2 protein chains.
Amino acid sequence: MFNLFFTHVQEKVLLSTAEQELVKNYFIPKKLRKKQYLLQEGDVCKYLSFVEKGLLRSYNVDDKGLEHMIQFAWEGWWIADTYSFLSGESAAYNIDAIEDAELLMITLPHFEEMTLKVPKMERYFRILFQNNIIAKERRLISSNTYSAEEKYTKLAETQPQLIQRIPQNLIASYLGITPETLSRIRKNITLKK
Amino acid sequence: MFNLFFTHVQEKVLLSTAEQELVKNYFIPKKLRKKQYLLQEGDVCKYLSFVEKGLLRSYNVDDKGLEHMIQFAWEGWWIADTYSFLSGESAAYNIDAIEDAELLMITLPHFEEMTLKVPKMERYFRILFQNNIIAKERRLISSNTYSAEEKYTKLAETQPQLIQRIPQNLIASYLGITPETLSRIRKNITLKK
DNA sequence: AAATCTGGTTGATCTACATCAAGTGTTATT
DNA sequence: AATAACACTTGATGTAGATCAACCAGATTT
């Protein structure tokens, strides 16, 4: 269950067997069926989750009921409902499974405790978050700078796996465009060739 | 020189006097005049900088020569040229001063070393980055979800200092709209009242 | 096997915002 | 004091992409 997890962690920090055992105990394994929500209705707890298997998405729903993709996560990636504890937004925040998935979850209080008990995990997450900031910055610039077609082609170049695995309508939302526009863009691209 | 710096660090972690001394030695103080670049032309070193005084901006320049604001930073904030070491972008990345500024800079190699030597700083940055991710996520959703007017009014509500202190044309770029559009939006808002 | 649902395509129309262009007031520069 | 440079405004026009609507194919449910 923790195979992929430790493979990924060990790429950034080296844990002793004892540390590994400590870390393991903070995580709760969970399986999700396609379309199932990560959180049950009314669940107030915030989680950070590592994806061992499958594919998830996080998204919010605006006041008009439209979904906006925030992130996709598959094997080897983390996903969290971080956004939701920022107040002042009249938006719902959800995580659910696009494909059947297996996760390792940790609550935020346990996360804080673990990073104190195992400083190497503190380091692991500092590095992870640092890289994530860069990725988000890049996406932000892309969103403000490029046309819909440029955004799509850049995504297709940098993250081909994403294009293959994720339904077009969700990719459209991730890029901040409508499914119709994405469909036309794709048609246009194939015509060019 | 380090007053504000340690005030901010101590909000998240408590450093001993010895640790403070250690940390201090990794930082290089620097003063910048309005419009001066943080990096000299050809400077390859990447820095992370804490703003003690003044106001900076980071931005990139696309292939059409247009500037796109990435971040603003004033007293108590950090700014970095993180984006630039991602390859595959035909874009220049700059940091410069909007107002005269005083900084504390650390190179990336020193940063890595410091976090290893002073684990509390590792923790400080993990928390800092975690919060930054949430902020960027929020900005990304805003960018994909809302109209130009909504983006501006939301920014004005959540970051009024930013509106007061930063020239309109830069705010426009930060929101991914043109200065002309922002001008019209502001006119429109005052007319409504 | 029929019916419903889901993801994608295509067309017609509409609109928010960009672009181009000219003009104003204020702050630097010589 | 004259002039240039800069931040902002206002108007006229163009366009990328949204919206609305109908349709289709494959998968899922009954």
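In the text below, chain A, chain B and the rest are named by the order of the sequence lines, each starting its count at 1. Everything numeric here is computed off the predicted structure, so don't read it as measured data.
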K.L.:
Within this structure, what is the CG-to-P distance between A/N188 and C/dG11, rounded to whole angstrom?
P.N.:
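The distance from CG of A/N188 to P of C/dG11 comes to 13 Å, rounded to the nearest Å.
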K.L.:
Starting at the 5' end of DNA chain D, which residue's closest nucleotide do you reach first, A/G176 or B/L170?
P.N.:
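Whichever sits nearer the 5' end wins; that is B/L170.
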K.L.:
Look at A/N169 and C/dT6 and indicate whether a side-chain polar atom (N or O) is within less than 4.0 Å of OP1 or OP2.
P.N.:
no
K.L.:
What contact category does A/I177 fall into here, base, sugar-phosphate, or nothing, at under 4.0 angstrom with non-hydrogen atoms?
P.N.:
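Result for A/I177 = sugar-phosphate.
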K.L.:
Same cluster or not: are B/F6 and B/F50 linked, directly or through other Ile, Leu, Val, Met, Phe, Trp or Tyr residues, by side-chain heavy atoms under 4.5 angstrom apart?
P.N.:
yes
K.L.:
Which one, C/dG8, C/dT19, C/dA18, comes nearest to the side chain of B/T181?
P.N.:
C/dA18
K.L.:
For the pair made of CD in A/Q168 and P in D/dG26, what is the distance, rounded to whole Å?
P.N.:
16 Å
K.L.:
Round to a whole Å and report the spacing from CG of B/L175 to C1' of C/dC17.
P.N.:
14 Å
K.L.:
Closest nucleotide of DNA chain C for B/K34 versus for B/A148: which of these residues is on the 5' side?
P.N.:
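Result of the comparison: B/A148.
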K.L.:
B/E180 has a side chain; which of C/dC17, D/dC8, C/dT19 sits nearest to it?
P.N.:
C/dT19
K.L.:
Look at the side chain of B/E149 against the base of C/dC17 and say whether a donor-acceptor pair falls under 3.5 Å; ignore hydrogens and angles.
P.N.:
no
K.L.:
Once you round it to whole Å, what is the distance between P of C/dG8 and CD1 of A/I171?
P.N.:
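It is 8 Å, rounded to the nearest whole Å.
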K.L.:
Whether the side chain of B/R184 and the base of D/dG11 hold a donor-acceptor pair under 3.5 Å is what I'd like checked.
P.N.:
yes
K.L.:
With a 4.0 Å cut-off, would you call B/K53 and B/E75 a salt bridge?
P.N.:
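A salt bridge is absent here (no side-chain N lies under 4.0 Å from a carboxylate O).
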K.L.:
Starting at atom CG of B/L66, determine the distance to atom P of C/dC20, rounded to an integer number of angstrom.
P.N.:
10 Å
K.L.:
What is the separation between atom CD on B/E99 and atom P on C/dA28, rounded to the nearest whole Å?
P.N.:
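It works out to 12 Å between those atoms.
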K.L.:
Give a yes or no on whether the ring-centroid distance for B/F5 and B/F27 is below 6.0 angstrom.
P.N.:
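Distance test on ring centres: under 6.0 Å, yes.
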K.L.:
Tell me whether the NZ or CZ atom of A/R139 lies within the 45° cone about the ring axis of A/Y174 and under 6.0 Å from its centre.
P.N.:
yes
K.L.:
Measure CG/B/L182 against P/C/dA18 and give the value in whole Å, please.
P.N.:
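From B/L182 CG to C/dA18 P: 10 Å.
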K.L.:
In whole Å, what is the span from the CZ atom of A/R165 to the P atom of C/dG7?
P.N.:
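Atom CZ in A/R165 sits about 17 Å away from atom P in C/dG7.
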K.L.:
Measuring to OP1 and OP2 of C/dG8, would you say a side-chain N or O of A/S183 lies under 4.0 angstrom away?
P.N.:
no
K.L.:
I want to know whether A/F125 and A/F111 have ring centres closer than 6.0 Å.
P.N.:
yes
